[in-house]
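Everything quoted here is computed from the prediction, not taken from an experiment. Chain naming here is simple, since letters A, B, ... match the order of the sequence lines and numbering starts at 1 in each.
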Amino acid sequence: MTRILVPSGALGLGWDQEALERGIANRPDLIAIDGGSTDSGPSYLGRGVSKYARSTTKAEWAALMDAAHRAGCPLVIGTAGTCGAGPAVDWLTDITHEVLAETGRTARVAILKSDQPAGRIADAMAMGRITPLPAAPEIDADTVTSCAHIVALAGIEQVNAALATGADIVIAGRTTDTAIIAALPIARGIDPGLAWHAAKIGECGALCASNPQSGVLQIDFEDDAFTLTPLADGAQATPHTVSAHMLYENSDPFLLYEPGGALDVTHARYTALDDTRVRVTGPVWRPSPDYTVKLEGARVAGYQTILLALLRDPRYVAKAQGWADDIIARATAKARDRTGRDDFSIEIRLIGRNATLGALEHRTGDPVEVGALGIVTAPTPELASEIGKLLNPYLLHHPLTREEEQPTFAFPFSPAEIDRGAIYEFCLHHVMTLDDPMEVFTLEVIDA
Amino acid sequence: MPELRSIAEKVRSKNAGPFWITVDIFCGTDTAFTRIRDGLDTARVAEALDCPGQTLKRFDIPDLHVVKISIPRPQVQGTAADRDMHGAALANILAEIDLP
């Protein structure tokens, strides 16, 4: 039997402490926690930073280091620091050193890095070893060199290489969300279909059960089944909550591609053992002929300055779209004239009309107020800021007609312009073929 | 012509990676599932989402009473044109489709 304890869906989201204590008392073989994903957008990978507060991350990481110490098992984090890029891994490693120093403990720490130099990816492209996934953007060598960070998603082989060093703590860069849970069971001979399926269900902790914010989930592997047990009072896993979790953030609910193959759950069976536990049988692992890892890359896509004005006058609320269109035309012409540039854009999204869905919005209504969110995007921060200042008087005073008295709208902030800095975009949705799973990952062991 | 929202138990949407978005329609009961599965025309869904039909993936899952629709993201997550970083709001478009 192999037992994995998942404290929470991600480091930074917290957990039910009583449930975590139960998990520790149940003697897990490994504690696994996810450190991030692409879900918060490309800025984190582009900048190589975490989305969560350092203080929260440190407090939770210290608690898990203590939990693993008391349970006498390794602690593994995947996709450290939200994006899993080198600087974010270093950030969590620094925190780890701080915690060890403060607690007077020592630990063997294995650091797995997933960073990919652009030259390696360009060479792999030239050798035909980069393959686009469905809906991937077109890329060339310039795309690759323009990335601020590129990472490859590690699978179980790389996580197991880190565990095989005898590490007490594994800090991994980008991994698949599932690999940190699936790795140890597979190393111990558990069927890979069961291991990957349990990992997909368990990667968000108790999100596969009722009371999802309690976090803590225990996964027990047998030879032909795995059992999921949410550990918080009142948290219940049912065949429905568990099987429904295969839908989550997954474009195909029956097939999940991982390094080295695909998980097929078409014939999986979910059985309630009691009110809280679910036993799963029947998933199948389908190995692929080539070993591939997915790539993620983010690059600067310009700089933004934004402004927010609020329209409350009913006449302006009713005619907000025409008002905004007129401002965009006039401000764009003026900005071209004043700056001599035309490589920028001015957009105004009307909050209360269609700011969320844009052209897909089909509803109309009679809102109390409308927020006019002005967004300037330009190739340099200076130009974005300059044009933001040029847009300011329009958003403050632009009249619907020339004849009327000059209106003034509500600005919630001074200054009205907010320089957002660089915006990033994801520009890779590809896999890279490897001869050896470790060939593009690095492993360092520190006795700290 | 009731809205889908009034028949389904829950409709949610979320990124499935930065390049795809997926909408899960939890129908709740056999009756609601049958009604939504049969009444929700895939071509109409593609049109409402402004998605080329051949790229749309649809899964009707009787065991879960779920109809799942996945499409390439209309704007890649986080690009300047993207309005919804987590893809949370797209569900409303399907929730507001009228069923026969």
request  = Counting only heavy atoms closer than 4.5 Å, note whether A:Ala244 contacts chain B via side chain, backbone, both or neither.
outcome  = both
ask   = Are B:Arg73 and A:Glu425 within salt-bridge range, i.e. N to O under 4.0 Å?
value = no
ask   = Near A:Gln321 CD, under 6.0 Å, is it more than 12 heavy atoms from other residues, nucleotides or ligands?
value = yes
query = Considering only heavy atoms, which portion of A:Ser40 lies under 4.5 Å from any heavy atom of chain B: side chain, backbone, both, or neither?
reply = both
query = Near B:Phe59 CZ, under 6.0 Å, is it more than 12 heavy atoms from other residues, nucleotides or ligands?
reply = yes
B:Asp41 atom CG, neighbour heavy-atom count above 12 within 6.0 Å = yes
query = How far apart are the closest heavy atoms of B:Met85 and A:Pro42, and which atoms are they?
reply = SD-CD, 4.3 Å
note = If one checks every heavy atom of A:Tyr270 against chain B at 4.5 Å, the contacting part turns out to be neither
ask   = Which bit of A:Leu428 comes within less than 4.5 Å of chain B, counting heavy atoms only: side chain, backbone, both or neither?
value = backbone
note = When the 4.5 angstrom heavy-atom criterion is applied to A:Leu247 and chain B, the contacting part is both
note = Closest non-hydrogen atoms of A:Asp39 and B:Lys14, given as atom of the first, atom of the second and distance, are OD2-NZ, 2.9 Å
query = Taking all non-hydrogen atoms of both residues, which atom of A:Ala135 and which atom of B:Trp20 are closest, and how far apart?
reply = CB-NE1, 3.6 Å
ask   = Which heavy atom in B:Gln77 sits nearest to a heavy atom in A:Gly41, and how many Å separate them?
value = NE2-N, 3.2 Å
task = Report the distance from atom CG of B:Asn15 to atom OG of A:Ser37, rounding to the nearest 0.5 Å.
result = 8.5 Å
query = Looking at CG of B:Leu49 and CG of A:Leu357, how far apart are the two atoms once the value is rounded to the nearest 0.5 Å?
reply = 10.0 Å
ask   = Most heavy-atom pairs under 4.5 angstrom with chain B, which of A:Leu133, A:Asn250, A:Ile423, A:Ile375?
value = A:Asn250
Salt bridge (charged side-chain N to carboxylate O under 4.0 Å, His left out) between B:Arg12 and A:Glu249, worked out = CA-CA 11 Å; B:Arg12 72 177 183 194; A:Glu249 295 180 338; over 6 Å; no
remark   = One should read off an interatomic distance between A:Glu361 CD and B:Ile93 CD1, to the nearest 0.5 angstrom, of 7.5 Å
query = If you tally heavy-atom pairs under 4.5 Å against chain A, which of B:Ala80, B:Pro72, B:Pro74, B:Ala88 wins?
reply = B:Ala80
Side chain / backbone / both / neither for B:Asp24 at chain A, heavy atoms under 4.5 Å = side chain
request  = Under 4.5 Å, counting heavy-atom pairs only, tell me which of B:Pro18, B:Gly78, B:Ala89 racks up the most with chain A.
outcome  = B:Pro18
query = Any idea which of B:Asp63, B:Ile61, B:Val76 has the most non-hydrogen atom pairs under 4.5 angstrom with chain A?
reply = B:Ile61
remark   = When every non-hydrogen atom of B:Leu64 is compared with those of A:Ser243, the smallest separation belongs to CD2-OG, 3.0 Å
query = Parallel, tilted or perpendicular: which fits the ring planes of A:His429 and B:Phe19, with parallel below 30° and perpendicular above 60°?
reply = parallel
request  = Please indicate whether A:Arg269 has more than 12 foreign heavy atoms, meaning atoms of other residues, nucleotides or ligands, lying under 6.0 Å from its CZ.
outcome  = no
remark   = Under 4.5 Å to a heavy atom of chain B? For A:Gln304 that would be side chain
query = What do the steps show when you test A:Glu347 against B:Arg83 for salt bridge (charged side-chain N to carboxylate O under 4.0 Å, His left out), and what is the final call?
reply = CA-CA 12 Å; A:Glu347 189 185 357; B:Arg83 294 158 176 265; 3.7 Å; yes
note = Output for pair (B:Asp84 CG, A:Thr356 OG1), nearest 0.5 Å, gives 7.0 Å
ask   = Just wondering, are more than 12 heavy atoms of other shown residues or ligands nearer than 6.0 Å to CD in A:Gln236?
value = yes
